[in-house]
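Written below as structure tokens is the structure these notes are about.
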Number of protein chains: 2
Amino acid sequence: MPFPDPASLSKTELETGSRLAPKFDANGLIVVMTVHADTGEALMVAYMNAEALQRTLATGEAHYWSRSRQELWHKGATSGQVQKLVELRVDCDQDAILLRVMPQGDGGCCHVGYRSCFYRSASTDGTLTTIDTKL
Amino acid sequence: MPFPDPASLSKTELETGSRLAPKFDANGLIVVMTVHADTGEALMVAYMNAEALQRTLATGEAHYWSRSRQELWHKGATSGQVQKLVELRVDCDQDAILLRVMPQGDGGCCHVGYRSCFYRSASTDGTLTTIDTKL
């Protein structure tokens, strides 16, 4: 499934149309926020290229583009933390994706060992406090 | 409050330390996912530069960097959709921020008129369906 070029769409078509026309950036990537489908908990932020987005829709499992490894990343392929896709949404100007997923395996998503990558809260002076316990 | 240079920290310090050391990208920006503090609903994805992050922490209201307007953006300054900060979190490698906010004004966040920018859901063939009603 090739995606339409968002530059070929009007602002109205982009914002209120019925075609997924993701705006990939200069590196061919779009940002993705991933949340737990049941609890809504924010799990992680990652990136997709067109292939990762297509594979996510086709397989029903989250695929990202690993910027550090510069390769397609089937989340959980090695860790077991596969993310079953429940719903994929796009934002108003189609430059961000929201994934609602059911984490598999141990239910985590973060390589540090927490359920969510957002396990630290900042106070106003920039001090971080860990607010979760490891799985 | 100047932020420490994340490049000066070890991976362990970055991931498990107690200092907010945001990794700004080549454009001086860090991605932010913003969610409703009460419901957890995913509201929007935006970007902050160091000044926006500092102002958010100092004022308790979300500030972003508008990439389209290339200016500091006090969310809600014109729309009334101010976002009161409840909690700011950082992810494992400190290249993404999570804001938990209480939307003010009409309770919305999206310029198109929805409560969340993620008002469309994609089917596997790339068809979008609007899943929310306007405020």
What part of S116(A) gets within 4.5 angstrom of chain B, counting heavy atoms only: side chain, backbone, both, or neither?
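Neither the backbone nor the side chain of S116(A) comes within 4.5 Å of chain B.
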So which residue, Y119(A), Y114(A), F118(A), ends up with the most heavy-atom pairs under 4.5 Å with chain B?
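Among the listed options, the one with the most contacts to chain B is F118(A).
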With a 4.5 Å cut-off on side-chain heavy atoms, are R19(B) and L128(A) touching?
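Not in contact.
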In terms of heavy-atom pairs under 4.5 Å, which option from [options] contacts chain A the most?
{"options": "M44(B), Q94(B), R100(B)", "answer": "Q94(B)"}
{"options": "A58(B), P4(B), G17(B)", "answer": "G17(B)"}
{"options": "S121(B), G40(B), C92(B)", "answer": "C92(B)"}
{"options": "V90(B), V45(B), V112(B), L88(B)", "answer": "V90(B)"}

Would a hydrophobic clustering, with Ile, Leu, Val, Met, Phe, Trp and Tyr connected at side-chain separations under 4.5 Å, put Y47(A) with F24(A)?
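Y47(A) does not cluster with F24(A).
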When you group the ILVMFWY residues by side-chain heavy-atom contacts below 4.5 Å and let the links chain together, are L85(A) and L53(A) in the same group?
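Yes, one cluster joins them.
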Do R67(B) and D25(A) pass the salt bridge (Lys or Arg N to Asp or Glu O under 4.0 Å) test, and can you show the C-alpha distance, the side-chain angles, and the key distance before you say yes or no?
CA-CA 12 Å; R67(B) 295 181 305 165; D25(A) 67 13; over 6 Å; no
Side-chain (R120(B)) to main-chain (D91(A)) donor-acceptor, under 3.5 angstrom:
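Here the side-chain-to-backbone pair exists.
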Can you see which heavy atom on L57(B) is nearest to which on S123(A), and at what distance?
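It is CD2-O, 3.9 Å.
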NE2/H111(A) to CG/D93(B) distance, rounded to the nearest 0.5 angstrom?
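If we round to the nearest 0.5 Å, H111(A):NE2 and D93(B):CG are 6.5 Å apart.
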Which bit of I131(B) is near chain A, if near means a heavy-atom gap under 4.5 Å: side chain, backbone, both or neither?
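Just its side chain gets close to chain A.
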Sort E15(B) into side chain, backbone, both or neither according to what part of it lies under 4.5 angstrom from a heavy atom of chain A.
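E15(B) touches chain A through backbone and side-chain heavy atoms alike.
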